[in-house]
Amino acid sequence: FAQRYDPQPFHLSDEAAARTHFGRIAASGWDTCAMTMSLIVENNSGRAFLTKADGIAELQMSDRLVFPSMARAEDDEIQIADNDGIRFLDYSGSSRFLLQSFLTIHDFVKISDHAVIANPIMRTSDAPVLAMLDLPGGGISRTWRPPTPARLPRLNLAHLASCGGSIAAGMAHEPLLYILTRTFEVARVVELPFPGREELLSLSTNDALVRPAPGVVTLPTFVAGVACVDARSLFVLLDLPRLSLLEYSWRGELLAVHHAPREHAGRHYRRLTAIVADRRSGPVLRFLTLGQDGDGSKAIVEMNVTHGR
């Protein structure tokens, strides 16, 4: 293969490679790409990695894959994102269908019977934060990136929620909340009141701190979860030692700040799920989140809050 398509010395012989930085023969990267493309075509009916309405995007996938990465429980189905795409199951455990995707999905939300909004894990500077996946085929009909370049372009992770005709995207590594329409038009950009935000952002640009080892990037996390209860408000979980929820209107107005009792301090919290709104006892809302202690032990934490208080 290398002699025909990639005739560089380190691909042709040990003798020639010994005089290069490899020191010994190395396989051609194009050979690997060609074999990978062949496997995709043979096993997935020739579908491309990522198609967009305005052409083909060439994207580098993250090397840290999670299986599964996200699960959601809706009224009539369970939705699980894994390395094959998004699986839809009923509550008996029977599979309804698989939305195939060649994206590693960090978070997603189903906005209709015809579309899913996903946040793919990618590392390129022009990678989309949101991708609209069409049901049932899985093709990408629309993508979105923030209108201004991210201060931290290394990762594009976001936590998603949707209610009515709006989508909320809380940026994991920037203290920002975007409120968008279903056509990805930005309605509001909310700067979150995160303690020490400017200091953390300045530290995030220091490669000596955020790259402790080759191939490893450790960035501060600002948003740990987003959840929607109704058309009145949405909730943002901050990544703070004390469990803190910010309640916003869909117009971007801060309605309330909810804190857990101090005995729950010292944990890191990930993901946010709204369970139920019990109107009989007042506007009480139940949330679940996953708390992790310093020793690595984990616990599911329930938090009850009252609208606007």
Side-chain angles (χ1 to χ4, degrees), residues 1-70 81-86 98-107 118-129 131 133 137-140 143 145 149-158 172-174 202-221 296:
F1 183 98
Q3 285 180 345
R4 184 170 182 179
Y5 299 109
D6 194 6
Q8 300 185 73
F10 41 77
H11 295 326
L12 300 177
S13 69
D14 278 325
E15 292 76 14
R19 297 188 293 273
T20 70
H21 58 285
F22 282 105
R24 56 177 297 183
I25 195 168
S28 167
W30 288 114
D31 195 6
T32 306
C33 289
M35 288 188 287
T36 303
M37 192 65 208
S38 175
L39 290 171
I40 293 170
V41 172
E42 291 171 2
N43 293 281
N44 295 284
S45 303
R47 292 171 57 205
F49 265 103
L50 175 61
T51 59
K52 300 197 307 184
D54 56 351
I56 302 294
E58 195 173 315
L59 300 164
Q60 177 186 356
M61 303 301 295
S62 169
D63 56 4
R64 299 182 65 186
L65 304 183
V66 180
F67 184 100
S69 62
M70 183 63 182
D82 59 30
N83 290 341
D84 293 324
I86 302 175
L98 168 67
L99 175 64
Q100 276 194 319
S101 171
F102 296 109
L103 306 173
T104 304
I105 295 172
H106 172 254
D107 199 0
N119 168 232
I121 303 175
M122 299 177 184
R123 286 186 175 179
T124 57
S125 58
D126 62 344
V129 172
L133 308 179
I140 297 177
T143 61
R145 291 191 298 271
R151 293 179 64 175
L152 305 175
R154 295 184 179 98
L155 292 172
N156 64 329
L157 303 185
H173 301 297
E174 284 195 289
S202 64
L203 290 175
S204 301
T205 62
N206 187 334
D207 277 353
L209 296 176
V210 301
R211 293 184 179 272
V216 176
V217 177
T218 303
L219 293 173
T221 303

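What you are looking at is a predicted structure, and each value in this text was computed from that prediction instead of being measured.
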- Query: CG of Asp31 to CG of Asp6: how many Å apart, nearest 0.5 Å?
  - Reply: 9.0 Å

- Message: To check you understand the geometry: which heavy-atom pair defines the closest contact between Ala131 and Ile140, and what is its length?
- Response: CB-CG2, 4.2 Å

- Answer yes or no: is there a side-chain heavy-atom contact under 4.5 Å between Asn119 and Val129? yes

- Message: I'd like to know whether Ile25 forms a side-chain contact (heavy atoms from CB on, under 4.5 Å) with Leu12, so could you lay out the CA-CA distance, the side-chain angles of the two residues, the decisive distance to 0.1 Å, and finally the verdict.
- Response: CA-CA 7 Å; Ile25 195 168; Leu12 300 177; 5.9 Å; no

- Could you grab the distance from atom OG of Ser28 to atom CD of Gln3, nearest 0.5 Å is fine? 12.0 Å

- Anything under 30° is parallel, anything over 60° is perpendicular, the rest tilted; go ahead and classify His21 against Phe10. perpendicular

- Shortest non-hydrogen separation from Ala26 to His11 and the atoms involved: O-ND1, 2.7 Å

- Task: Indicate yes or no: at least one non-hydrogen side-chain atom of Ile105 is less than 4.5 angstrom from one of Ile86.
- Result: yes

- Task: Quick one: pull up CE in Met35 and CZ in Phe1 and give me the separation to the nearest 0.5 Å.
- Result: 8.0 Å

- CZ on Phe22 to CD on Gln8, rounded to 0.5 Å: 8.0 Å

- Message: If you compare all heavy atoms of Ala16 against all heavy atoms of Pro9, which two are closest, and at what distance to 0.1 Å?
- Response: CB-O, 3.5 Å

